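One structure is given here, and the rest of the page talks about it.
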Amino acid sequence: MPGTKKLVIVESPAKAKTIAQYLGDGYEVLASVGHIRDLIEPKNLPAELKRGSLGKFSIDVENGFAPYYVVSDQKKKTVAELKRALKGADELYLATDEDREGEAIAWHLLDELKPKVPVKRMVFHEITKEAIQRAQENTRDIDTALVDAQETRRILDRLYGYEVSPVLWRKIGPGLSAGRVQSAATRLVVDRERERLAFVPAGYWDLSTQLTTSADSTQFEARLAKLGGSRVATGRDFDDKGQLKVQTSGRADAVALDEKAATALADALRDASVSVVVTSVDSKPYTRRPAAPFSTSTLQQEAARKLRFSARQTMSVAQGLYENGYITYMRTDSLNLSQQAIAAARAQASSLYGAESVSDKPRVYASKSKNAQEAHEAIRPAGDTFRTPGQLEGVLRGNDWKLYDLIWKRTIASQMADAKGSTASVVITAGPVLGDSVAEFAASGTVITFRGFLQAYEESRDEDRNDVAEPKEAKLPPLTAGQKLEIVDVEAKGHETSAPPRYTEASLVKTLEELGIGRPSTYASIISTIIDRGYVTPRGTALVPNWIAFSVVRLLEDYFTDLVQYDFTAG
DNA sequence: CAGTGAGCGAGCTTCCGCTTGACTT
């Protein structure tokens with residue numbers, strides 16, 4: 001006898017709980033808890049199949065690469081519960097995520113549960129009452145092309161991993177592994193180390209001066225930009241071989257200053273009779289836009305920079321916040337916010353920082369990630385009105401509170417107005433000195449007149465290599481062209497260019513995402529894998545490759561060239 | 001006859017991506 005309930009299956013138990021509230025009576029919502037079946041480990045195949053064409057991969061390599069799936073022991077209980085619930089249902093809704101894996105889970109459910117009642121595929125990208133209702137009214141069939149894509153991905157990964165890893169056992173050492181994703185990650189780290197080993201530092205000198213106007217006693221700093229009409233080289237003018245970069249004209253367009261020249265010039269400029277004059281003052285408007293709301297990778301990056309969390313730690317704290325209803329789903333590549341979330345962020349920003357601090361129109365962010373599947377929302381505070389970090393003090397503790405605070409600030413800021421101000425660039429001429437050459441100094445200062453989103457949140461950045469450290473907000477006194485200045489102090493400083501930095505967990509995750517390698521659910525475990533295999537060792541925040549990583553990458557490059565191309569390894 | 005050692009064969013390691021909780025340290 002068919003039941004009178006409708007069974008809805010989603011992937012996550014926490015999601016099931018929320019959705020059950022929205023759907024109310026007449027629906028039972030259960031979770032598959034991820035995949036329910038997978039390729040069996042070849043060693044666990046029935047003895048008679050181990051010797052056949054399935055034996056090596058659990059994929060029948062002689063019969064159209066047919067996969068051999070099993071429900072694992074851990075999943076038997078879940079599947080039994082789903083079967084039991086299905087008996088009391090008159091309709092089945094497969095509401096797994098709308099991405100490649102989710103579509104495959106839906107198909108596996110269908111294949112395993114063998115329902116005799118009508119089945120509908122239902123998808124939603126945000127967990128709000130409206131979205132769920134809309135999804136219910138717009139069901140579709142399973143997308144078999146997407147299911148096939150997932151199966152192909154799965155088969156290819158097994159073939160790559162289980163074919164190549166044994167080569168490493170024989171040639172390099174036991175227990176090693178290779179795979180589409182981990183080998184690309186290892187190669188990135190090794191390639192960077194090769195660049196570091198090949199790097200030749202370049203030494204160069206520059207000059208900075210403290211200046212003052214006669215009217216005003218405020219001092220400001222200016223850097224030597226040109227000498228005798230030629231641009232003075234800074235760190236970014238050098239290549240990784242320690243040579244000045246050559247332009248298309250075949251010549252370097254900057255000259256490097258050595259210690260002798262720099263100190264001689266500094267000494268000459270200390271002479272009070274040298275004339276120092278403002279030659280031009282240029283003012284340009286400055287605007288800065290807020291960063292998009294968090295996806296998994298940007299959350300991991302920012303939590304590493306601001307909170308010093310490891311990728312794994314970030315995910316574990318976020319999981320806790322998600323399960324207890326404080327944030328939305330934490331494994332996502334989407335930058336979208338639901339309409340309700342946008343409204344909530346704007347209302348909260350408006351009441352906290354004033355209506356003028358909110359952007360004119362709702363901001364929409366597009367994912368730059370190569371193979372984003374956007375099955376969820378961006379990571380944001382849960383609910384139609386956000387709880388402020390202040391309201392949660394004493395409720396959330398320690399790292400939980402810190403991560404919530406970060407997510408809340410980023411979400412609010414993403415709907416706020418641009419920061420505005422102006423950047424003044426001043427050119428100052430000193431000289432003639434040392435014969436008849438003229439030294440040209442440059443100074444710039446940014447004044448922010450409207451803070452906008454900066455009131456809530458500012459994204460931190462990794463320092464760019466060989467960049468001149470620009471002060472974020474530096475005030476210049478009012479200056480006009482032709483104005484005379486006085487030199488308070490001149491300093492010649494020696495510098496050396498630095499090698500490209502090693503990857504950190506954060507920068508590796510960023511690069512993997514940009515290359516389309518790995519998924520939000522796997523970034524943290526990719527790092528664990530390459531550490532566990534002994535390919536890299538964390539030293540501080542840096543990931544340092546070991547000799548074994550060099551051996552493995554070298555072998556893969558020499559004998560499996562196609563497999564380690566970064567574009568092949570993209571998901 | 002007891003003890004040693006060479007030689008052989010069998011069994012183990014491994015992939016990626018989706019979810020938690022059950023483990024150990």
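Just so we're on the same page: letters track the sequence lines, and every chain starts at 1. In this text the structure is predicted, and so the values were computed from the model without any measurement.
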Residues forming a salt bridge (charged side-chain N to carboxylate O under 4.0 Å, His left out) with [X], sequence neighbours excluded:
{"X": "A:Arg158", "result": "none"}
{"X": "A:Asp25", "result": "none"}
{"X": "A:Asp400", "result": "none"}
{"X": "A:Lys510", "result": "none"}

*Within residues 38-70 of chain A, find the residues that approach DNA chain B with a heavy atom at under 4.0 Å, and present them sorted by residue number.*
A:Asp38, A:Glu41, A:Lys43

*Counting only non-hydrogen atoms, which of residues 9-23 of chain A are less than 4.0 Å from DNA chain B?*
A:Glu11, A:Ser12, A:Pro13

*Qualifying side chain to side chain donor-acceptor pair (under 3.5 Å) pairs with a residue from residues 108-118 of chain A, counting only residues at least two apart or across chains*: A:Arg37-A:His108, A:Arg37-A:Asp111, A:Arg37-A:Glu112

*Which pairs count as side chain to side chain donor-acceptor pair (under 3.5 Å) when at least one residue sits in residues 520-532 of chain A, sequence neighbours excluded?*
A:Arg312-A:Ser528

Compile the donor-acceptor pairs under 3.5 Å between side chains in residues 129-139 of chain A and protein atoms, sequence neighbours left out, one pair per line.
residue, atom, partner, partner atom, Å
A:Glu130, OE1, A:Gln340, NE2, 2.6
A:Gln136, NE2, A:Tyr27, OH, 2.3
A:Asn138, ND2, A:Arg134, O, 2.8

*asked:* Show me the pairs that pass salt bridge (Lys or Arg N to Asp or Glu O under 4.0 Å) and involve residues 53-74 of chain A, at least two apart or across chains.
replied: A:Lys56-A:Glu163, A:Asp73-A:Lys76

_Residues which pass ring-ring contact (aromatic ring centres under 6.0 Å, His included) with A:Tyr322, listed by chain and number, not counting sequence neighbours_ = A:Tyr329

*Base-pairing string, 5' to 3', of DNA chain B - Watson-Crick or wobble, under 3.5 Å, | interstrand*: .........................

